[in-house]
Amino acid sequence: MSAVYIKDHSLNSNEIERYSRQLITPDIGVQGQMKLCASRVLVVGAGGLGCPVALYLATAGVSVLGIVDYDTVEISNLHRQIGHQESSTGVPKAVSLANTIKSINSLVTVNTYETTFTSETAMDIIKNYDIVVDASDNVATRYLINDACVLSKKPLVSGSALKWEGQVTVYNYENGPCYRCIFPTPPPVDTVTKCSDGGVLGPIVGVIGSLQALETIKIITNNKEGVLSGRLLIYDGMSAVFRTVRIRGRQPHCSVCGDNPTVTQLIDYTEFCRSNYSEAAGKVDDRVEHHNIITVQQYNEVIKSNKNHLLIDVRPSNQFEICSLPNSENIPIEVIDKQESIDKIEKLINDKINSNEDSELSVYLLCRRGNKSQDAIKILDEKLKISRDKVKIQHIKDGLLGWNESIDSSFPYY
Ligand SMILES: Nc1ncnc2c1ncn2[C@@H]1O[C@H](COP(=O)(O)OP(=O)(O)OP(=O)(O)O)[C@@H](O)[C@H]1O
Ligand SMILES: [Zn+2]
């Protein structure tokens with residue numbers, strides 16, 4: 001499988017001065033620096049991982065850096081995406097990161113792609129680079145990058161981070177496994193926790209992104225022995241523990257890098273993974289009956305008309321504490337099926353009905369994006385013993401993100 005042959009580039013005095021501390025390092029040397037100064041690396045994602053990766057590769061003297069990101073900088077990115085500034089809010093992330101890089105190392109050529117990396121765009125972009133770094137945040141993009149790397153015979157430096165933990169490995173290097181050898185099928189959509197749901201600490205993505213940059217430097221400088229191929233490095237930031245575990249080698253039956261591959265060109269990864277190329281946009285499909293759905297606009301009318309109703313917010317309590325709509329009760333989805341919660345909901349319903357006897361009571365379920373609130377409908381439909389004559393249960397489509405977008409932009413978006 002793919003090795004990397006980077007031609008040498010003789011160093012000029014500027015480069016010798018700038019990279020002096022690095023080029024005297026054992027196993028780098030002038031030869032290694034010459035390789036770095038001739039190398040071309042593509043970084044997909046200019047977020048939490050992509051910022052440290054691109055910054056360290058640029059400062060190490062990579063010749064050409066490609067940066068792909070379809071998104072723009074937001075204030076909530078700045079706690080960890082250290083290649084962007086407050087003044088870049090609203091600017092495409094690829095451009096913002098490129099500007100930061102150029103202000104640190106003007107010797108580097110930065111190509112920006114302010115676009116989504118898709119099956120249509122991937123091969124055309126990748127062909128200009130020697131190595132690809134996956135700094136994205138969603139499963140569809142991970143499979144896409146993997147397959148594009150296998151098909152174009154390029155090593156892939158992969159990283160991920162969530163909460164207090166992160167992982168790094170190198171795929172498709174010197175006959176090592178690819179991402180599909182380890183994960184032949186995508187995980188069920190519901191089991192994927194996202195940074196925007198689970199949170200992540202800046203220093204965690206900083207550590208993982210730095211390790212990705214280091215693996216890339218080892219590949220470029222031909223330090224083959226140390227490359228993290230066939231091994232997975234796991235960092236637990238809370239316990240301050242690094243572990244490296246062996247993972248499966250290349251699988252002869254792998255559908256893309258195996259002996260008789262069935263994937264011989266890029267496919268539709270959004271269909272394959274039943275999710276899209278955007279972690280945040282993650283369109284939520286309607287999974288409940290039409291009469292169980294209310295829009296944020298309709299809920300706004302409910303509030304304005306003072307209609308008797310019960311609002312249950314099913315997000316985790318730590319999210320509820322940050323911000324919530326007025327008069328909402330927090331019963332997290334994780335515990336809503338417990339008898340204690342059901343009893344509590346029945347009591348809340350009865351209290352509301354008794355306070356306003358002749359009206360029908362609507363119970364509205366709310367979460368961040370309108371996904372878990374649909375699960376809650378199904379659970380309550382099954383568990384609530386209370387008569388449905390006077391009680392109607394609905395979920396608020398698009399959840400609090402929809403509320404922020406369409407009703408109240410001052411409601412914290414996070
Ligand atoms: N297929 C893709 N094409 C281009 N950029 C992508 C693709 N998939 C993911 N990205 C980018 O990768 C980056 C991942 O970084 P990260 O998760 O730290 O950022 P984020 O999406 O801004 O996070 P948050 O969830 O806080 O909004 C994002 O900037 C995202 O736009
Ligand atoms: Zn494989």
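For ligands, and for the atoms within them, numbers begin at 1 and follow the listed sequence. Note that this is a predicted model, so its numbers are computed, not measured.
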message: Distance under 4.0 Å to a non-hydrogen atom of R80: what atoms of ligand 1 satisfy this?
response: 16 (P), 17 (O), 18 (O), 19 (O), 20 (P), 23 (O), 24 (P), 26 (O)
message: Could you check whether any side-chain heavy atom of Y129 comes within less than 4.5 Å of a side-chain heavy atom of L65, counting everything from C-beta outward?
response: no
query: What part of N138 sits under 4.0 Å from ligand 1 if we count only heavy atoms: the side chain, the backbone, both or neither?
result: side chain
- prompt: Taking side chain as C-beta onward, heavy atoms only, is V207 less than 4.5 Å from F242?
  reply: yes
- line: Applied to residues 324-337, the side chain to side chain donor-acceptor pair (under 3.5 Å) test, sequence neighbours excluded, yields none
- prompt: Under the ring pair (Phe, Tyr, Trp, His ring centres under 6.0 Å) test, which residues partner Y19, sequence neighbours left out?
  reply: none
- request: Report yes or no: is the cationic atom of R180 (NZ for Lys, CZ for Arg) closer than 6.0 Å to the six-membered ring centre of F272, at no more than 45° off its axis?
  value: yes
- request: Answer yes or no: is there a side-chain heavy-atom contact under 4.5 Å between V73 and L78?
  value: yes
message: Between Y364 and H309, does the ring-ring contact (aromatic ring centres under 6.0 Å, His included) criterion hold? Intermediate values first, please.
response: CA-CA 8 Å; Y364 301 119; H309 72 278; 5.5 Å; yes
message: Minimum distance, heavy atoms only, to atom 28 (C) of ligand 1: which one of L162, D69, D71 is it?
response: D69
- prompt: Ring centres of Y179 and Y143 under 6.0 Å apart?
  reply: yes
query: Any side-chain donor paired with an acceptor under 3.5 Å for T100 and S103?
result: no
- request: Give the atoms of ligand 1, by number and element, whose distance to some non-hydrogen atom of K93 is under 4.0 Å.
  value: 19 (O), 20 (P), 22 (O), 28 (C), 29 (O)
- request: Report yes if F117 has an N/O atom closer than 3.5 Å to an N/O atom of ligand 1; otherwise report no.
  value: yes
query: Heavy-atom contact under 4.0 Å between T115 and ligand 1?
result: yes
- request: May I ask you to identify, for A135, whether its side chain, its backbone, both or neither come under 4.0 Å of ligand 1 on a heavy-atom basis?
  value: backbone
- prompt: Testing V132, V227, I219, D134 for side chain to side chain contact (heavy atoms under 4.5 Å, CB included) with V157, which one passes?
  reply: I219
statement: Looking at D137, D134, T141, the heavy atom closest to atom 1 (N) of ligand 1 belongs to T141
message: Give the atom numbers and elements of ligand 1 that come within less than 4.0 Å of a heavy atom of G48.
response: 15 (O), 16 (P), 18 (O)
- request: For ligand 1, note which part of N77 has a heavy atom under 4.0 Å away: side chain, backbone, both or neither.
  value: side chain
message: At a cut-off of 2.8 Å, what protein N/O/S atoms sit near the Zn ion (ligand 2)?
response: C178 SG, C181 SG, C254 SG, C257 SG
- request: Could you list the atoms of ligand 1 found under 4.0 angstrom from a heavy atom of S136?
  value: 8 (N), 9 (C), 12 (O)
- request: Compute the shortest N/O to N/O distance between S76 and ligand 1 and return yes if it is under 3.5 Å, no if not.
  value: no
Which side-chain N or O atoms in residues 41-51 pair as donor and acceptor under 3.5 Å with protein atoms at least two apart or in another chain?
none

message: What I'd like to find out is whether the side chain of Y113 reaches to under 4.5 Å of the side chain of I67, using heavy atoms alone.
response: no
